[in-house]
Protein chains: 2
Amino acid sequence: MSKNPTKILLAEDDQNLSMLLKNYLDAKGFDAHLFKNGKEAFQNFKKGIYDLCIIDVMMPVKDGFTLASEIRNEDQNIPIIFLTAKSMQDDIIKGFELGGDDYLTKPFNMEELMARITAILKRTARPENPSGIYTIGKFKFDSNHQKLILNEEEQKLTSKENALLTLLVEHKNDILPREKALLEIWHDDSYFNARSMDVYITKIRKYLKKDPNIELINVHGTGFKLLA
Amino acid sequence: MSKNPTKILLAEDDQNLSMLLKNYLDAKGFDAHLFKNGKEAFQNFKKGIYDLCIIDVMMPVKDGFTLASEIRNEDQNIPIIFLTAKSMQDDIIKGFELGGDDYLTKPFNMEELMARITAILKRTARPENPSGIYTIGKFKFDSNHQKLILNEEEQKLTSKENALLTLLVEHKNDILPREKALLEIWHDDSYFNARSMDVYITKIRKYLKKDPNIELINVHGTGFKLLA
DNA sequence: CCGGGGTTTTAACTTAATTTAACGCTTATT
DNA sequence: AATAAGCGTTAAATTAAGTTAAAACCCCGG
């Protein structure tokens, strides 16, 4: 199940820059759609489902701010990045007031744009599994409620057991590196924390033993692997 | 019941700029805490509950990137804005990779910083509920009138019960950190206040017991989570 | 100023979660 | 095979949280 590319609405009238942008974004794996003024852009915005907008402030026919406020009117949440030639602070303030998420002053370099896009998408991204419910062999694992359920029996988990098992299922059939677990759960990779983690691995193994098809194996010097 | 100001961690070694920043932010109604290097900043970060970090990249003792990654390790979500003297693109990319939310190149003007702070906080903000009326499972909770209502029955709450339950519902299905509750309600994180808070947790659990689908679980060493 | 009812804090005790310690076994290295 | 480092398991020690009751506090009416 491969993911759809992020669809970007690109509103920019400058011929050179716009093609440069579109090519760059497409090369980076995005699906960028280019429009040369605010009017065209808005007409298309209503049709397509976009994930992100990059809007030049100065455009003929309909300027970027007008476009942005129309878009905001349709969609409260879609991220908007403004581009502007002049670095007038009033413009910047206005852009943010309109609900812009970021603001780039020309000339900017593509790497920076890319970094800002990535940062915004990361913030906007929906968590992978908001329900927090996973299947492990015959078990249901509800990480939000810190419970491991087999048939009708509920096993309550402590916070650490829950955190560790959550990491393990997120890496199901794959290695969860020791270091990663230690940093995320214990916030520090030290001798004692590592020993503590081993204790929790034992506890989790004990719980999971009720389904003999599940294995929680160690990869020496590397990490653990949950097989189901 | 007025709201606490947004608490900002400010890490900046330049004497002039840092005081300028602190004064400006304080004047804008924030509660800015200034530290002159990464080490000091991190030590204090762990103690206080901050809402936003503004970090200079170039600092003595511990640089801004190191500080940011340590902070990210403790808190996945807190917004971080980097400040840098040089507009080196590599720095910018690195900043975003570390989970920075925004990046400002010196010299910047205060208005722009303000705009970016506002934009970030708007994204991060928890949805407000001016009515003060929440739903918790089968209950209605009216925080303005300090009442918990199930069917026709009204349970009056004391102000502490009310304040704590309000914080809990504002973080529904998410962790309410102990320190945050202690600082906001008891204004001081001490042993006895922590004990007192536990007493109130017990009381609230007793009230909520009437709906068996509601859980108020403890996350060891971290806080409480209200699940409904 | 005093007393009483409700609220909050302190105290004492209990239970649970987590870390540390101890010891034995396994895996890599030479 | 000897050695060292990594891991497994159990139990003890430590620290956090849960519960209940008593003490202290606070505010209002008399």
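Numbered from 1 within each chain, the chains take letters A, B, ... in sequence-line order.
For the pair A/K28 and A/F30, the cation-pi test (distance below 6.0 Å, angle within 45°) is failed.
Between B/Y50 and B/F35, the ring planes are perpendicular. Angles over 60° get that label, and only those under 30° would be called parallel.
Between D/dT19, C/dT9, D/dT9, one nucleotide has an atom nearer to the side chain of B/K160 than all others, and that is C/dT9. Among the nucleotides C/dA11, C/dT18, D/dT10, the one closest to any side-chain atom of A/V199 is D/dT10.
Within residues 174-197 of chain A, the residues having any heavy atom closer than 4.0 Å to DNA chain C are, in order of number, A/W186, A/F192, A/R195, A/S196. Annotation: proximity of residues 203-225 of chain B to DNA chain C (heavy atom, distance under 4.0 Å) is found for B/K203, B/H220, numbered in ascending order.
Summarising the geometry, the separation between CG on B/N162 and P on C/dT7 is reported as 12 Å, rounded to the nearest angstrom. Atom CD of A/Q146 and atom C1' of C/dA16 are 13 Å apart (whole Å). Residue A/E161 contributes atom CD, which lies 11 Å from atom C1' of C/dA16 at whole-angstrom precision. The nearest whole Å value for the distance from the CG atom in B/D198 to the C1' atom in C/dT8 is 14 Å.
Phosphate proximity of C/dT8 to B/S159: present, with a side-chain N or O under 4.0 Å from OP1 or OP2.
Ion pairing between A/R116 and A/D102 holds under the 4.0 Å rule for side-chain N and carboxylate O.
Across every non-hydrogen atom of A/L176 and A/A181, the tightest pair is CD2-CB, 4.1 Å. What you find for A/P79 and A/I120 is that their closest heavy atoms are CB-CG2, 3.3 Å. Between B/I201 and B/L164, the closest heavy-atom pair is CD1-CD2, 4.0 Å.
Considering NE2 of A/H145 and CD1 of A/I133, their distance stands at 8.0 Å, rounded to 0.5 Å.
Counting any heavy atom pair closer than 4.0 Å across all strands shown, A/T158 reaches sugar-phosphate atoms only and no base atom.
Counted by atom type alone, B/T84 and B/K106 present zero donor-acceptor pairs between their side chains at under 3.5 Å.
With respect to A/C53, the side-chain contact (heavy atoms from CB on, under 4.5 Å) criterion is satisfied by exactly one of A/I81, A/I78, A/D101, A/D75: A/I78.
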